[in-house]
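Read the structure below first, then the notes.
Remember, it's 1-based here, ligands and their atoms both numbered in the order they're listed.
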Amino acid sequence: MTLFSPREPGVLLWRGFTLQEFANQCFGNKADYGKGRQMPIHYGSNKLNYFTVASTIATQIPHAVGAAYSLKMDKKDACAVTYFGDGGTSEGDFHAAMNFAAVTESPVIFICRNNGWAISTPTSDQFRSDGIAVRGQAYGVRSIRVDGNDALAMYSAVHSARHMAVNEHRPILIEAVTYRVGHHSTSDDSTKYRPANEIEWWRMARDPVTRFRKWIEINGWWGSEAESQLRSSIRSQLLHAIQIAERAEKPPVNDLFTDVYDNIPSNLREQEKLLKETINRHPKDYPADVPI
Ligand SMILES: Cc1ncc(C[n+]2csc(CCOP(=O)(O)OP(=O)(O)O)c2C)c(N)n1
């Protein structure tokens, strides 16, 4: 069971989520498992044990502990894993989750991406502890700090953490030290709050993809030809998936009101009626292919 923030689509891809499934979610079409009710990049998959991404920072952390505790009670040989940023550790949810995990000895791996920033707030304005790993230790959770830009170091740490979580029934915290070279989002200009040469240094000297590529090239497992072939193949698969997702029918309007209450309350019924009347009154303002 995996509980995410929106920065880990790679894990989902690795588990077998198809490019078409990614595109369906981003376009909120009828094939989207969330029925078009989530913002783009909020993926989820029952089949792949992947809890739907939530934008509300850190809410996934106590959920992961709950899922792990349930795996332990059911005597499953499995663990839960959850991802969050340094900003997530400034939320109460992080602290409640750490304590609950430690006391219940739940098999959960906490992976914190300490990228130095919560949008424009640097870690120095968030906390005065020496990073995140010490916070786990303070709660009695075995914790390790790893170079998050070293793929092999991360693989090795997560591999061992999983072994410990599943076999020893204990929580583990991994602090992956990294840097967010991009802006937080398309509405952010990070050069307003940090020096451009700092961003450039991390981009040029510490880039984890360049580092990993160098390692596989040195070992003769990869080269520029293989890379350009892969890039062009993925690009055309992606464009194809986007075209299909774009053309697909949207979910019916009724889906906006289902799946929360067993019996839909009268105020929601009223909103549903109002929405349908509005759509009927202004048909040109709403897509014609959305079933009402
Ligand atoms: C509860 C809550 N408060 C505030 C926000 C607005 N917000 C969105 S992302 C973000 C920063 C998150 O920083 P971090 O957890 O370090 O993750 P990063 O984006 O750096 O990976 C904030 C404050 C939110 N989504 N949820």
* Taking 4.0 angstrom as the limit, do E175 and R145 come out as a salt bridge? -> yes
* atom 3 (N) of ligand 1: the protein heavy-atom neighbour that sits closest, reported with distance to 0.1 Å -> E91 OE2, 4.0 Å
* Nearest neighbour in protein (non-hydrogen) for atom 8 (C) of ligand 1 -> I57 CD1, 4.0 Å
Of all the atoms in ligand 1, which lie at a distance below 4.0 Å from a heavy atom belonging to [X]?
X    : answer
R113 : 21 (O)
N115 : 18 (P), 20 (O), 21 (O)
W117 : 16 (O), 20 (O)
H184 : 9 (S), 19 (O)

Kindly say whether [Y] contributes a backbone atom to a donor-acceptor pair with the side chain of [X] at under 3.5 angstrom?
X    : Y    : result
D255 : P251 : no
H183 : S190 : yes
N149 : R206 : yes

* Regarding R135 and the six-membered ring of F127, is the cationic atom NZ or CZ under 6.0 Å from the ring centre and inside 45° of its axis? -> yes
* Asked: Could R194 and W117 be counted as a cation-pi pair, given that NZ or CZ must be under 6.0 Å from the ring centre and within 45° of the axis?
  -> yes
* Asked: At a 4.0 Å cut-off, with the gap strictly under it, does some heavy atom of F84 reach an atom of ligand 1?
  -> no
* Does at least one non-hydrogen atom of R180 fall below 4.0 angstrom from an atom of ligand 1? -> no
* Structure fact -> Judged by heavy atoms only, the candidate from I119, D188, T56 nearest atom 10 (C) of ligand 1 is I119
* Result of checking V65, I57, T59 against D93 for side-chain contact (heavy atoms from CB on, under 4.5 Å) -> T59
* To do: Using a distance threshold of 4.0 Å (strictly less than), state whether atom 24 (C) of ligand 1 has a protein heavy-atom neighbour.
  => yes
* Asked: Taking N or O atoms only and a 3.5 Å limit, does A118 qualify as a polar contact for ligand 1?
  -> no
